[in-house]
Amino acid sequence: MVKASPGRRRAGLLMSAVAVLAAVAACGTGAQQAGAPRTVPGTAAPATDGPTTTPASPAGTRCHTPELRASVGRNNPGAGQENFPIVLTNTSERTCTVRGYPGAAFLDASGKQLGPDPARSPDPPGTVTLAPGDSAWAGLTFANPEVSGARAATPAALLVTPPDEREPLKVTWNGGEVPVSGNESTVRLITFSPGTGA
């Protein structure tokens, strides 16, 4: 019996492997053409080219403006600062989240914005999960204009925009004068925390 050289043996094995792969590929192509589901590597279930069913949104997704009610809590002044909680309450029947800061703008009676947009504190934003009926609050703080000497105005309303939303909520402003220009006129927002800030 003549022994095959190692090189010939390796070449034979390689050709056999190529033939097997070609046969498998041909079977796969035939199955695809026959309308069989395609298997995606790394998944247990076959993928299909037809429509798929998306499960309902899980709890914990972002709260949208129509699901929320906005309010402004009682002032908690200190050291010449005015500190108001902006409160968002989940009025929907699902659990949702708010993260970071709301948008905020003071408006006069004609709807014109008073002063620039508030600055944001450097606090790292966190996510607050709101079950139905739960609230989260973000701080709105500024120096009392009588102390700071900033030019002041009395807003008619505060426009509050929930995080990552475009549609705002309008809240009547009963907090008195706010700084709108000049030194020490910066209004700041503090990130959301659970509760009402009371």
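Nothing fancy with the numbering, it's 1 onward along the sequence. Keep in mind the model is a prediction, meaning the values are calculated, not measured.
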Do Leu189 and Ser121 have side chains that get closer than 4.5 Å, going by heavy atoms? no

Value rounded to 0.5 Å, distance of CG in Asn83 from CD1 in Ile190: 7.0 Å

Apply side chain to side chain donor-acceptor pair (under 3.5 Å) to the pair Arg69 and Ser135, showing each step before the final yes or no. CA-CA 9 Å; Arg69 180 180 71 247; Ser135 299; 5.7 Å; no

Closest approach of Pro102 and Val160, non-hydrogen atoms and distance? CB-CG1, 4.2 Å

Under the side chain to side chain donor-acceptor pair (under 3.5 Å) rule, collect the residues that match up with Arg99, sequence neighbours excluded. Thr127

Counting C-beta onward and ignoring hydrogens, is there a side-chain heavy-atom pair between Thr61 and Arg94 closer than 4.5 Å? yes

Is the closest side-chain heavy-atom distance between Leu140 and Pro85 below 4.5 Å? no

Minimum heavy-atom separation for Ala119 and Thr186, please, with both atom names. CB-CG2, 4.0 Å

Side chain of Glu67, backbone of His64: donor and acceptor closer than 3.5 Å? yes

State, without any angle test, whether Arg151 and Ser181 hold a side-chain donor-acceptor pair at a distance under 3.5 Å. yes

Taking Phe142 as the starting point, is it possible to reach Leu159 by hopping between hydrophobic residues whose side chains are less than 4.5 Å apart? no

With ring pair (Phe, Tyr, Trp, His ring centres under 6.0 Å) as the criterion, how do Trp137 and Phe84 come out once you've worked through the C-alpha distance, each side chain's angles and the decisive distance to 0.1 Å? CA-CA 9 Å; Trp137 69 280; Phe84 293 88; over 10 Å; no

Would you check if Pro77 and Glu82 make a side-chain contact, meaning some heavy-atom pair closer than 4.5 Å? yes

Tell me, yes or no, whether the heavy-atom count around Glu146 atom CD, taken from other residues, nucleotides or ligands under 6.0 Å, exceeds 12. no

Do Leu130 and Thr97 come close enough that some side-chain heavy atom pair is under 4.5 Å? no

Determine, using the 4.5 Å side-chain heavy-atom cutoff (strictly less than), whether Ile86 and Leu68 are members of one ILVMFWY cluster. yes

For residues Pro155 and Leu107, determine if any side-chain heavy atom of one lies less than 4.5 Å from a side-chain heavy atom of the other. no

Only one of Val98, Val128, Asp123 passes side chain to side chain contact (heavy atoms under 4.5 Å, CB included) with Thr191, and that residue is Asp123

Side-chain heavy atoms under 4.5 angstrom apart, residues restricted to Ile, Leu, Val, Met, Phe, Trp, Tyr: same cluster for Trp173 and Leu114? yes

Non-hydrogen side-chain atoms of Leu158 and Val72 separated by less than 4.5 Å: yes

